[in-house]
Each structure stands twice: as C-alpha cells, then as structure tokens.
S.K.: 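The structure that follows is given in the form of structure tokens.
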Protein chains: 2
Amino acid sequence: MPSIDVGIEEVAAAAGVATSTVSRALRNQQGVSEATRQRIRALAAELGYVPTSAAARLASGRTHTIGVLVPTMNRWFFSSVLEGIDEVLHAAGYDLMVFSLTGRGSERQRLFDRALRGRKLDGLIVLGFPLSRPEEARLRDAGVPVVAVGHSVPGVTSVSIDDRSVMETAVDHLHRLGHRDIGFLAGGMEFDLSFAVPRMREEGFHEALRTRGLMLRPEFRGRAAFTVESAYAAGRHLVERWAITPRPTAMVACSDEMAFGLIAAFREAGLRVPEDLSVMGVDDHDFSESFGLTTVAQDAVGHGRMAARLALSPERRRLAPSEPVPHELRVRRSTAAPRQRA
Amino acid sequence: MPSIDVGIEEVAAAAGVATSTVSRALRNQQGVSEATRQRIRALAAELGYVPTSAAARLASGRTHTIGVLVPTMNRWFFSSVLEGIDEVLHAAGYDLMVFSLTGRGSERQRLFDRALRGRKLDGLIVLGFPLSRPEEARLRDAGVPVVAVGHSVPGVTSVSIDDRSVMETAVDHLHRLGHRDIGFLAGGMEFDLSFAVPRMREEGFHEALRTRGLMLRPEFRGRAAFTVESAYAAGRHLVERWAITPRPTAMVACSDEMAFGLIAAFREAGLRVPEDLSVMGVDDHDFSESFGLTTVAQDAVGHGRMAARLALSPERRRLAPSEPVPHELRVRRSTAAPRQRA
DNA sequence: TTGTAGGCGTTATCAG
DNA sequence: CTGATAACGCCTACAA
C-alpha cells in the first residue's frame, strides 16, 4: 500500500539521492545513469509517487494541457474532432480541457478569455469558427499557440477541407447523374456560430452551378441551422411551396444532419428519396451509411488528430502545409438519376 | 495596455497594500474594507492582472477543475450530458477536463489513473459505466469526490433514470395500443462499455412482458451495440429471419440511435413504420422529434447539470436523494395500433 | 482591517 | 553524473 503522502523527497530519501536526481530520472532527462534511473523508477512505483501537477506546472511553466474551444459538443463534426484530439493528446500524456460555447454565444469573448487566463494551457485548438480581431490579439499576447479546425484562418495554422471544392464535388455528382434542377439547403441560421463555413459552401454551390450553365431557382432554395430539426422545418416549407411551383430533382444540403432533416420532411410529405428527389449532404456522419445518404465525406476524427499534433509541436506548425485536407464523394442510395419528366 | 508580467506583487505595490490583501480582495473573501476592495479590483483590471493558475493551485490545493470520464463523446447521451456539465461548471468558474475512453477500453484502468494522478481535479464525474472494485478503491484514497451519471452506483452519488421502469413505460405504451407480439433489440455488444444499462433494460423489458402474460419469442429478439450502424445490421438480420417466421407487430430498441438503425433496415426491406411494424426507442435523441420516433425521454443535459452541481458541492452530495431521475413517454409517429392480422 | 512570513512540491541552475 | 539551492507565484495562518 503506497502511503498517502509520498513526495519527491520521500523517493529521494528512499533511493539515497537528491530530489533533483529523482526529478530528472522520472522524466527521462539525460544526465542520470541507467542504474540510478532504474532504481528510482522502481522505488517511485513502489511508493506510489506521482508528481503534484500544480507544483510541476509552477516550476516548469508547462501545463501539459491543451484547451479546445468548441461551439457545441452535440454535433457530429465537433464531437468527432474532439475524439481525434483526445486520442492524440492522451497518447502524448497531455490533458484535454474543453470550453463549450453552447448557449452562450454572447459570452464568447469571456469564455475565450477564460481559456487563456492564468496560463493554464500549453495550446489552444479553436473549432468551427474564425477569430475576431480582438481575439487574435488576445492570443498573441497570451503567447499560446493556436490551431484552427473546420475553417481556415489566415496566419493561423489550420486544418479544414476546402468548402467550395466540396460543393463542386457534390454538384458534379448530381450533374453527371443528369440532374439540372438542383436545389440547395443553405446553412447559417445559428446565433452563435460562424457564417464562414455556410457562406463558403453556398458560394461554392453557386459557382458549381454557374460553371455548368445552371442557376438556382429561388423556390429551390431553403435555409436552416446546422441541425436536423431546423432542416426538417425548412424541408416542410419547401414541400409546401412545391405544391404550387415546380420542384427540383435533387437537393444538396449543407451538412448530413441537414440532409437527414430534409429527407424526413420529404418522406413525411409522401416524396420518395431518391425516386422523386435525390438528396445529398456533406460530412459522412456516423449515421449516413446506414441511412444510405450520399455525401461528401470529411474525416473529422482525422482533423482532430492532426490538430492535436500541430498543437503539440512547434516544428510541425512551422512546416504545416496550408493546403486544405482532402474530401471524398461517397455515393449511396439517396441519389439517383432523375426520372423522365412527364 | 497591460504589461506582460503583472503579478500579485505589482498590484499590491500599485495599491499600496500587501499581497495578502490583494489576494483576499480579488477572491471576495471577507476581511477587506469595501473601499480597499474596489480600489484593488480597479487596479487589477487596469493592470490586467490574472492569478497564475498553477500557483493558486499549489498554494490552495484547489484546482477549480472537474474531470469527466466518458466512454465516448460521439453519442447523443454523452455529449448532451457533457454540455450540461460544462454549462454549470463554467458558470461556477470551474474548468472541465475530459477523459474519453474511445477505442481504449483496455486502457481504462490507466486512463482512470491519469485522471486522478497529481491532484489535478477537485472532482470526477463518471459517465455511463460502473466502477470496478479497484477503481473504487483508487478513488477513495485519491480523496476525490465522485458523481456517477447514467447508471446508479451503490455508495456513490449518482444521477440516472430507472432503466427497468423505462422499459415498463415503453411496453405499456405498446400494450395499450394493442400490441402483443413485441420484439426487443437489446444492447450490450460494445467492447468498452458497461453491461449494466443494457442488462437492466433487458430485464426491465422481460419483466414488463411477463407482467402482461406475454413472452419474447426468440425470433423477435436482436442484439446490437448502441449505434445506428450496429442496430441497422441487426435489423437486416431480423428482417431476413422474418421471411420464414412470423414477425412482431412492434419493436422496442434499447436506445433511439438503435431505433434509427432498425427503422432504416426495415424501410430498406420495404416494411413501413408504423403501418407494418411499430418501433420505439429510449432517450429522445435530438433527431427523434423530426424523425417522428416514439420514445421514452430522459433529460441528458439536465443529468449533466445535476451531476456538475453535485460534484461542486459536498452538502448537495450529502443531501442527494438516491432516487432515479424521472423519464417521460413521448408518443410520435413511429408507433400505432397493430393492423388486424389477416 | 491589514501586514508579515512561511510554506505549497517541483523544476532548473549551478556547482561539485 | 549528482547534489544543493534558489526560484515558481500565490495563499494563509498568525501577528499587529
């Protein structure tokens, strides 16, 4: 039974060496003979010695903790990225501190501050939203390395797909199938979140249409937040409108979760997917394969791993390519060639 | 512009008081005249002083950090609970440290240890799995207060629904609709996770049937992990079997996500829900309303809030009722009365 | 109400 | 390779 209060001194005493030697030995620093190191390790384990984190932090200035600022943990993309981050961090002996903005978009600045105050982090990963000027400034003089995920930030190491190109991929798929009347469910109705990603996807979509000599008819367009619920509501509105206007043969949603909502609304209105209408999304959500949703996949867990590695290593950050991470089309059952119009 | 290196001494000097007074004033401790406090606060703000977390921890022994041990953040229940925890914690000025077991069930003991080592936590919230004996012991001599969520733990403050009673509610709903051939998709095929919750739900289901003089036919029963994917696969197997055996008129899944998987499989096989088969789940996942899934709801975010409050306050823990948190039936479109058999 | 001074438990900088 | 000995920056009895 290890006693309750073993400090580095007890270990040192037991090993007949100085505390500094124990410290070095236990952290695999050079300058300790292998024999001594072994002996100290054994003793430390036996006594159940564990360095007090606060003391180590104070003395070394390093916290072995990385913070993550996230809009919400309730969305596939964010929780997946978090998993990836966690995986790498823990493997490296680091801890993960999470700061979620959920329901407090207005307090964003304050939360941002909380994360940086008191030097409690060795690095910060910002998920899903761009930084404001004051925030960037705040970071600089906090001297905390930052990595952005889910959107690119000029001047900051970032990991993300190319949102325009994603839409090119999506539209290309539908166009090849023969679709010409393609609708779009845009994102960006959130309160808290960035408008950058939805806007870029929207622009990308329009450009992809334009390239092909197509245009987005107003009645083919909806807008919703990045949630099933919101997309479902938008879908119902669209369906109502289509009672008196033509409807598209395919819809692209800004995310898979939005596509789920659309499909639910369409099905409820008696529209069959893909027979009456093709639907596709972006993400490759965990549910998408079972649901048979065609989508443009991004590797969220991989994003997280990459971000964590970048957060941990200054060299990697320096060498980091600013190219976007690749995405990939996954064709499934929710898209098909349009039926001949009567 | 606050200088880069303001310590408590600078503030004390500027205010013409001792560091101890600054410390007291800033933490709203009693024993400081209001005038002095105001002056110090102003000065501190002006100088941009923020106590160094490590030093405060070392001196006070408190970390203002609560840890959460979670099987994975990728599931509705867990991420929702996390949101609730985060909300309360940040409001109280505490930080949230997350330890996720994803993909390292075998390392569970080690992760568990990591969370407790080095006195870096003021409390620990364990989500979704019961503790082993050694783990409990570990907790005791770490002296860290623990709160369990998602399953009850004798001797540990815990927040959870009554999993047996949940099934009673589910079966009751179907029984009242007229169902007698009720099937069950059991949980518990995970590697990492506890078998406690799925087992209790299974027992609860059986008991609810028994009470009504019913029995679960073997061909009405499936088993899967708590994921859409796994439930989808199980659903496909069931459908195949039903080609040569009778099929139930209703299925209860162990969770909403599992119900989603089932429904996807049934639909793909041409079975209509609820016309051919009613399906219900447990949770009230964010998607369930839009999907029209009947379910037994549990307030995951609320669980999280409650757990965080318990983790923060010894008194609350002492007073904490050991009664389960209530659940609630939500009837939607996925269940209906069975059609007359031919 | 306020000031003084001794920790808190490591790490890091020097000598030896 | 190893050992003293300052920091590290704040908190908290205790004294005034």
Side-chain angles (χ1 to χ4, degrees), chain A residues 2-41 43-44 47-65 93 117-122 142-143, chain B residues 2-41 43-44 47-65 93 117-122 142-143:
Chain A
S3 96
I4 310 227
D5 231 41
V6 258
I8 197 172
E9 301 220 326
E10 279 69 45
V11 180
V17 298
T19 60
S20 48
T21 303
V22 175
S23 176
R24 284 187 288 247
L26 259 27
R27 287 177 306 140
N28 292 320
Q29 283 198 167
Q30 61 175 233
V32 183
S33 73
E34 202 40 42
T36 316
R37 191 188 301 277
Q38 300 288 357
R39 193 155 44 88
I40 293 179
R41 285 182 120 36
L43 251 358
L47 296 174
Y49 167 69
V50 175
T52 301
S53 138
R57 293 175 185 216
L58 183 56
S60 72
R62 254 169 294 91
T63 65
H64 277 237
T65 301
R117 303 181 154 268
R119 319 172 174 288
K120 57 187 164 201
L121 301 179
D122 286 345
Chain B
S3 95
I4 310 224
D5 231 41
V6 258
I8 198 171
E9 300 220 329
E10 279 70 46
V11 181
V17 298
T19 59
S20 50
T21 303
V22 174
S23 175
R24 286 187 286 245
L26 260 26
R27 285 177 307 139
N28 292 319
Q29 283 197 167
Q30 61 176 239
V32 184
S33 74
E34 202 43 40
T36 316
R37 191 187 302 273
Q38 300 287 357
R39 194 154 44 88
I40 293 178
R41 284 183 120 37
L43 252 359
L47 296 174
Y49 166 68
V50 175
T52 301
S53 136
R57 293 175 184 216
L58 184 54
S60 72
R62 252 165 298 88
T63 64
H64 276 236
T65 301
R117 302 182 155 267
R119 317 172 174 289
K120 56 188 167 202
L121 301 178
D122 286 345

S.K.: Taking only side-chain nitrogens and oxygens of Arg27(A), does any of them come within less than 4.0 Å of OP1 or OP2 of dA12(C)?
M.R.: yes
S.K.: Need one value for Gly7(B): base, sugar-phosphate or nothing, where a base atom within 4.0 Å counts as base even if backbone is also close, heavy atoms only.
M.R.: sugar-phosphate
S.K.: Per the atom types in the model, does the base of dG9(C) pair as donor or acceptor with the side chain of Arg119(B) at under 3.5 Å?
M.R.: no
S.K.: Once you round it to whole Å, what is the distance between P of dT12(D) and CG of Leu26(B)?
M.R.: 14 Å
S.K.: Rounding to an integer number of Å, can you tell me how far Gln30(A) CD sits from dC1(D) P?
M.R.: 8 Å
S.K.: Output the distance between atom CZ (Arg41(A)) and atom OG1 (Thr36(A)), rounded to the nearest 0.5 Å.
M.R.: 12.5 Å
S.K.: Any chance you could measure Arg117(B), atom CZ, to Ser53(A), atom OG, to the nearest 0.5 Å?
M.R.: 12.0 Å
S.K.: About how many Å separate OG1 of Thr52(B) and CZ of Arg57(B), when rounded to the nearest 0.5 Å?
M.R.: 11.5 Å
S.K.: State whether the distance check finds a donor on one side and an acceptor on the other, under 3.5 Å, for side chain Thr21(B) versus base dG3(C).
M.R.: no
S.K.: Just checking Gly118(B): base, sugar-phosphate only, or nothing, at a heavy-atom cut-off of under 4.0 Å?
M.R.: nothing
S.K.: If you assign Val32(B) and Leu58(B) each to the DNA chain C nucleotide with the nearest heavy atom, which residue ends up on the more 5' nucleotide?
M.R.: Val32(B)
S.K.: What nucleotide, of dT4(C), dT1(C), dA12(C), holds the atom closest to the side chain of Ala18(B)?
M.R.: dT4(C)
S.K.: Where do Ala55(A) and Leu58(B) come nearest, in terms of heavy atoms and distance?
M.R.: CB-CD1, 3.8 Å
S.K.: How would you label the contact of Val50(A) with the nucleic acid (heavy atoms, under 4.0 Å): base, sugar-phosphate, or nothing?
M.R.: sugar-phosphate
S.K.: Side-chain N or O of Ser23(A) less than 4.0 angstrom from OP1 or OP2 on dT10(C)?
M.R.: no
S.K.: In whole angstroms, how far is the P atom of dG9(C) from the CD atom of Glu10(A)?
M.R.: 9 Å
S.K.: Starting at CD of Gln29(A) and ending at C1' of dC14(C), how long is that distance when rounded to a whole Å?
M.R.: 15 Å
S.K.: What's the CZ-C1' distance between Arg62(B) and dG9(C), to the nearest Å?
M.R.: 17 Å
S.K.: Expressed as a whole number of angstroms, how long is the span from Glu9(B):CD to dC11(D):P?
M.R.: 12 Å
S.K.: Output the rounded distance in Å from CZ (Arg57(B)) to P (dC11(D)).
M.R.: 12 Å
S.K.: Is Ser33(B) near enough to dT2(C) that one of its side-chain N or O atoms lies under 4.0 angstrom from OP1 or OP2?
M.R.: yes
S.K.: Taking atom C1' of dC8(C) as reference, at what distance in whole Å does atom NZ of Lys120(B) sit?
M.R.: 18 Å
S.K.: Choose from dC11(D), dT11(C), dT2(D) the nucleotide whose nearest atom is closest to any side-chain atom of Ser60(A).
M.R.: dT11(C)
S.K.: Given the structure, check if the side chain of Arg24(B) and the base of dG3(C) hold any donor-acceptor pair shorter than 3.5 Å.
M.R.: yes
S.K.: Going from OG1 on Thr65(B) to CZ on Arg119(B), what distance comes out if it is rounded to the nearest 0.5 angstrom?
M.R.: 15.0 Å
S.K.: Any chance you could measure Leu47(A), atom CG, to Ile8(A), atom CD1, to the nearest 0.5 Å?
M.R.: 12.0 Å
S.K.: Looking at Ser20(B) and dT4(C), is any side-chain donor or acceptor paired with a base atom of the opposite kind under 3.5 Å?
M.R.: yes
